[in-house]
**Q** 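What follows is a structure written as structure tokens; I'll ask about it next.
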Amino acid sequence: MSAPAAIHPEMTIEEYLEAEILSDIKHEYLGGAVYAMAGASEAHNRIAANLGGMLYARLRGKSCEPFGSDMKVRLFPLDATCFYYPDAMIACDPTDSGHGWRERPTALFEILSPDTRRVDEREKRFIYRQLASLQAYVRIEQDRPEVIVERRSADSWEVEHLSGLDAVVRLPALDLELPLAELYERVAFPA
């Protein structure tokens, strides 16, 4: 599958942010090019709702807070500015707020689909892992109970593949455990 064409090949950051406030659909911004985001499946929506509820319940009363897919993350790869909408994020830096996006998230979550897999596994993975604040990047399959967790260690990234509804995503830096049975509640997998 080829990459989607930019709907606006050259737009300033200010033009993008202003247009995004008025837009009915979300767009990602990649160094001046603006791309419309595709709609999500029923399974994607269920997983996103489950994840949001899990994060909210587990972080309630703590200094870190969860955000859903309407909060942008701003990044600066290769001297460019990018804005992405991850499916969920956890932000722990209280000084990183007030402008409609986060620049220093602690954890980022993407729910994979055939249309987004390549971008999520390559482009976003490469760019997200450059964030000094990021402690975990979590990629969630929607057609089977499988999650890939990348955690920052002292000098590299550790990758863990979890499979099956009995598995549990552990994010020790945030003192979080996310059971896959709860994450995939009400999700029907293809036969």
**Q** Give the cluster check for Val169 versus Met89: same hydrophobic cluster or not, with ILVMFWY residues linked at side-chain heavy-atom distances below 4.5 Å.
**A**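 Each belongs to a different hydrophobic cluster.
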**Q** On a heavy-atom basis, which atom in Leu55 and which in Pro66 lie closest, and how many Å separate them?
**A**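 Closest approach of Leu55 to Pro66: CB-CB, 3.6 Å.
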**Q** Any side-chain heavy-atom pair from Phe67 and Lys72 closer than 4.5 angstrom?
**A**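 No - every pair of side-chain heavy atoms lies 4.5 Å or more apart.
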**Q** With side chains defined as the heavy atoms from C-beta onward, is the minimum distance between Ser97 and Arg102 less than 4.5 Å?
**A**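 Contact flag for Ser97/Arg102 side chains = yes.
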**Q** Check for me, please, whether Val149 and Ile140 land in the same ILVMFWY cluster - side-chain distances under 4.5 Å, paths through other members count.
**A**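 Yes; tracing contacts between hydrophobic side chains, which count when under 4.5 Å, links both residues.
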**Q** Tell me whether Arg139 is salt-bridged to Glu110, with the criterion being a basic N under 4.0 Å from an acidic carboxylate O.
**A**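 The answer is no: the pair does not qualify as a salt bridge.
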**Q** Would you say Tyr35 ends up clustered with Leu112 if hydrophobic residues are merged whenever their side chains have heavy atoms under 4.5 Å apart, either directly or through other cluster members?
**A**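 No, Leu112 does not connect to Tyr35 through the hydrophobic network.
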**Q** Under the rule for side chain to side chain contact (heavy atoms under 4.5 Å, CB included), what residues qualify as partners of Asp175, not counting sequence neighbours?
**A**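 Checked Asp175 against side chain to side chain contact (heavy atoms under 4.5 Å, CB included); matches are Lys62.
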**Q** What residue among Glu28, Glu123, Lys124 forms side-chain hydrogen bond (donor to acceptor under 3.5 Å, both in side chains) with Tyr84?
**A**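 Considering Glu28, Glu123, Lys124, a side-chain hydrogen bond (donor to acceptor under 3.5 Å, both in side chains) with Tyr84 is found only for Glu123.
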**Q** Identify the heavy atoms of Ala43 and Gln142 that sit nearest to each other, and give their distance.
**A**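 Closest pair (atom of Ala43, atom of Gln142, distance): CB-OE1, 3.8 Å.
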**Q** Considering residues, nucleotides and ligands other than Phe189, do more than 12 of their heavy atoms fall under 6.0 Å from its CZ?
**A**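 Check passes, neighbour count above 12.
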**Q** Does a salt bridge link Glu150 with Arg125, judged by any charged N lying under 4.0 Å from a carboxylate O?
**A**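 A salt bridge is present here (some side-chain N lies under 4.0 Å from a carboxylate O).
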**Q** Keeping Glu15 on the side-chain end and Thr12 on the backbone end, is there a donor-acceptor pair under 3.5 Å?
**A**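 At least one qualifying donor-acceptor pair exists.
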**Q** Does any N or O in the side chain of Asp96 come within less than 3.5 Å of the main-chain N or O of Arg104, such that one atom is a donor and the other an acceptor?
**A**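 Yes.
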**Q** Determine whether Leu75 and Gln130 make a side-chain contact, defined as any pair of heavy atoms from C-beta on separated by less than 4.5 Å.
**A**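 A side-chain contact is absent here, since even the closest heavy-atom pair is not under 4.5 Å.
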**Q** Where is the tightest heavy-atom contact between Arg170 and Glu177, given as atom of each residue plus distance?
**A**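 Result for this residue pair: NE-OE2, 3.3 Å.
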**Q** Tell me which pairs pass salt bridge (charged side-chain N to carboxylate O under 4.0 Å, His left out) where either residue lies in residues 33-49, with sequence neighbours left out.
**A**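 Residue pairs passing salt bridge (charged side-chain N to carboxylate O under 4.0 Å, His left out), neighbours aside: Glu42-Arg46.
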**Q** Rounded to the nearest 0.5 Å, what separates atom OH in Tyr184 from atom CG in Leu51?
**A**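 Rounded to the nearest 0.5 Å, the OH-CG separation comes out at 10.0 Å.
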**Q** Out of curiosity, does Val119 fall in the hydrophobic cluster containing Val138 (side-chain heavy atoms, cut-off under 4.5 Å, transitive links)?
**A**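 No; Val119 is not reachable from Val138 via cluster members.
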**Q** Hey, are the side chains of Leu131 and Leu108 touching, using non-hydrogen atoms and a 4.5 Å cut-off?
**A**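 Leu131 vs Leu108: side chains touch.
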**Q** Check whether any side-chain heavy atom of Cys82 lies under 4.5 Å from a side-chain heavy atom of Pro77, and answer yes or no.
**A**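 Yes. Closest side-chain heavy atoms under 4.5 Å.
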**Q** Check Pro86 against Val73 and note the closest heavy-atom contact, atom names and distance.
**A**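 Closest approach of Pro86 to Val73: CD-CG1, 3.8 Å.
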**Q** Does Cys92 have any disulfide (SG to SG under 2.5 Å) partners at least two apart in sequence or in another chain, and if so, which?
**A**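 In terms of disulfide (SG to SG under 2.5 Å), with neighbours along the sequence ignored, Cys92 is linked to Cys64.
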**Q** Is it true that the side chains of His161 and Glu146 contain a donor and an acceptor less than 3.5 Å apart?
**A**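 Their side chains do not contain a donor-acceptor pair, so the 3.5 Å distance test is not met.
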**Q** Does any N or O in the side chain of Ser23 come within less than 3.5 Å of the main-chain N or O of Lys26, such that one atom is a donor and the other an acceptor?
**A**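 Absent.
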**Q** Using 0.5 Å steps for rounding, measure from the OG1 atom of Thr106 to the CD atom of Glu65.
**A**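 So the OG1 of Thr106 and the CD of Glu65 are separated by 10.5 Å.
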**Q** About how many Å separate CZ of Arg151 and CG of Leu174, when rounded to the nearest 0.5 Å?
**A**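 Leu174 atom CG to Arg151 atom CZ measures 11.0 Å (nearest 0.5 Å).
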**Q** Out of curiosity, does Leu171 fall in the hydrophobic cluster containing Ile111 (side-chain heavy atoms, cut-off under 4.5 Å, transitive links)?
**A**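 Yes, Ile111 and Leu171 fall within the same hydrophobic cluster.
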**Q** On a heavy-atom basis, which atom in Glu103 and which in Pro105 lie closest, and how many Å separate them?
**A**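 For Glu103 and Pro105, the tightest heavy-atom pair comes out as C-CD, 3.3 Å.
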**Q** Begin with the C-alpha distance, continue with both residues' side-chain angles, and end with the deciding distance and a verdict on side chain to side chain contact (heavy atoms under 4.5 Å, CB included) for Leu17 and Phe83.
**A** CA-CA 10 Å; Leu17 292 171; Phe83 287 93; 4.0 Å; yes
**Q** Determine, stepwise, if the pair Asp166 / Leu180 fulfils side chain to side chain contact (heavy atoms under 4.5 Å, CB included).
**A** CA-CA 7 Å; Asp166 293 336; Leu180 268 61; over 6 Å; no
**Q** Are any non-hydrogen side-chain atoms of Ser163 and Arg144 less than 4.5 angstrom apart?
**A**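 Ser163 does not reach Arg144 side chain to side chain.
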**Q** Does the side chain to side chain contact (heavy atoms under 4.5 Å, CB included) test come out yes or no for Tyr16 and Thr81, once each step is laid out?
**A** CA-CA 11 Å; Tyr16 163 74; Thr81 298; over 6 Å; no
**Q** Could you walk me through whether Arg74 and Ile13 satisfy the side chain to side chain contact (heavy atoms under 4.5 Å, CB included) test, starting with their C-alpha distance in whole Å, then the side-chain angles of each, then the deciding distance to 0.1 Å, before giving a yes or no?
**A** CA-CA 11 Å; Arg74 183 178 183 177; Ile13 295 167; 3.9 Å; yes
**Q** Would you say the side chain of Tyr128 lies within less than 4.5 Å of the side chain of Asp120, judging by non-hydrogen atoms?
**A**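 With C-beta onward as the side chain, the pair stays apart.
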**Q** For a quick test of reading the model, state the closest non-hydrogen atom pair linking Leu178 to Phe109 and the distance between them.
**A**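 For Leu178 versus Phe109, the nearest heavy atoms are CD1-CE2, 4.2 Å.
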**Q** Would you say Trp157 and Leu134 make side-chain contact, with heavy atoms under 4.5 Å?
**A**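 Yes, side chains in contact.
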